Amino acid sequence: MIQYWVFITIGIGTIIGSFGAVFLKKASDALNILSWDIIKNRNLIYGILLYGISSVFYIISLKGGDLSIIYPLVSISYVWILILSKYYLNENITTKKIIGVMLIILGIVVMSL
Amino acid sequence: MMKGVKTGILIIVISTFLITIAQIFLKKSMNLFDVNNLLPFIYFVVPGLALYAISALLMIISLKYGDLSILYPIYATSYIWVAILSSVLFSESLALTKMFGIGIIITGIILLAK
């Protein structure tokens, strides 16, 4: 049903993807619809790059497990994002956020049953 | 920020909806790929890629409206769209566990939005 190495590739892939999201957030703060400078924005480039790399890990993982298992596993990203956003974006970790994320992960797992 | 988190959430929900549609177009385009007649393939792959790009753009724009730790999990709505669209496309009713799961996800999203 699932090979053990998938947990490692998903773990690495989601962490990389979460860092990518942090860069995209930084890029969005500089976003101005009327300006094309966004394309030269370093954060945007790093964000897209990291997101692309995480997608490769995701595709590799699919070789080792069913989509119905991998899909929920990827939701661990929401936990990484909570942690990374605190340290790199100074976003507070509130009880509401923790419970909200837990509920979303629970819902995703239930949907895959 | 101009408006609040709720605008950001709305944009992400739209973005996830568009990316689900995009995936359907792309999958269909793959099925229609024929070296001798590329038109059907092109007919589906172009909108698919366009929707993909628009969805990605909306996602980045949405991040302006609030915390990443609040907005990013809203991506979970893609799970909901996939389930709903699958049941519509295959004319099957949504399984109880799926409905349950959707309810739990939405509860989580509401909590994050407050």
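To find a chain, count down the sequence lines: A is the first, B the second, and so on, and within it residues start at 1. Every value quoted in this text rests on a predicted model; they were computed, and no experiment measured them.
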Handout entry: For chain A, the option from B/Thr97, B/Ile106, B/Ile110 that forms the most heavy-atom pairs under 4.5 Å
Key = B/Thr97
Practice task
Count the heavy-atom pairs under 4.5 Å between each of A/Ser75, A/Gly107, A/Ala21, A/Ser85 and chain B, then report the option with the highest count.
Solution key: A/Gly107
Exercise for the section: Go through the atoms of B/Ile102 and report whether side chain, backbone, both or neither lie under 4.5 Å from a heavy atom of chain A. Expected result: both
Problem - Heavy-atom closest contact (B/Leu51 atom, B/Ala22 atom, distance) - result: CB-CB, 3.7 Å
Practice task
Could you verify whether a donor N or O on one side chain and an acceptor N or O on the other, from A/Ser68 and A/Ser112, lie under 3.5 Å apart?
Solution key: no
Practice task
Please look at A/Leu82 and chain B and tell me whether the side chain, the backbone, both or neither of the residue comes under 4.5 angstrom of a heavy atom of that chain.
Solution key: both
Completion exercise
Tightest non-hydrogen contact, residues A/Thr9 and A/Phe57, listed as O-CD2, 3.6 Å
Fill in the blank from the handout: So, the part of B/Met99 with a heavy atom under 4.5 Å from chain A: the answer is neither
Problem - Donor + acceptor pair across side chains of A/Glu91, B/Ser69 (<3.5 Å) - result: yes
Handout entry: Region of A/Val22 in contact with chain B, defined by heavy-atom distances below 4.5 Å
Key = both
Fill in the blank from the handout: Taking every heavy atom of B/Tyr72 against every heavy atom of B/Met59, the minimum-distance pair comes out as CE1-CE, 4.3 Å
Practice task
Mind ranking A/Leu89, A/Ile104, A/Asn92 by heavy-atom pairs under 4.5 Å with chain B and telling me who comes out on top?
Solution key: A/Ile104
Handout entry: Residues A/Lys97, B/Asp67: salt bridge by 4.0 Å N-O rule
Key = yes
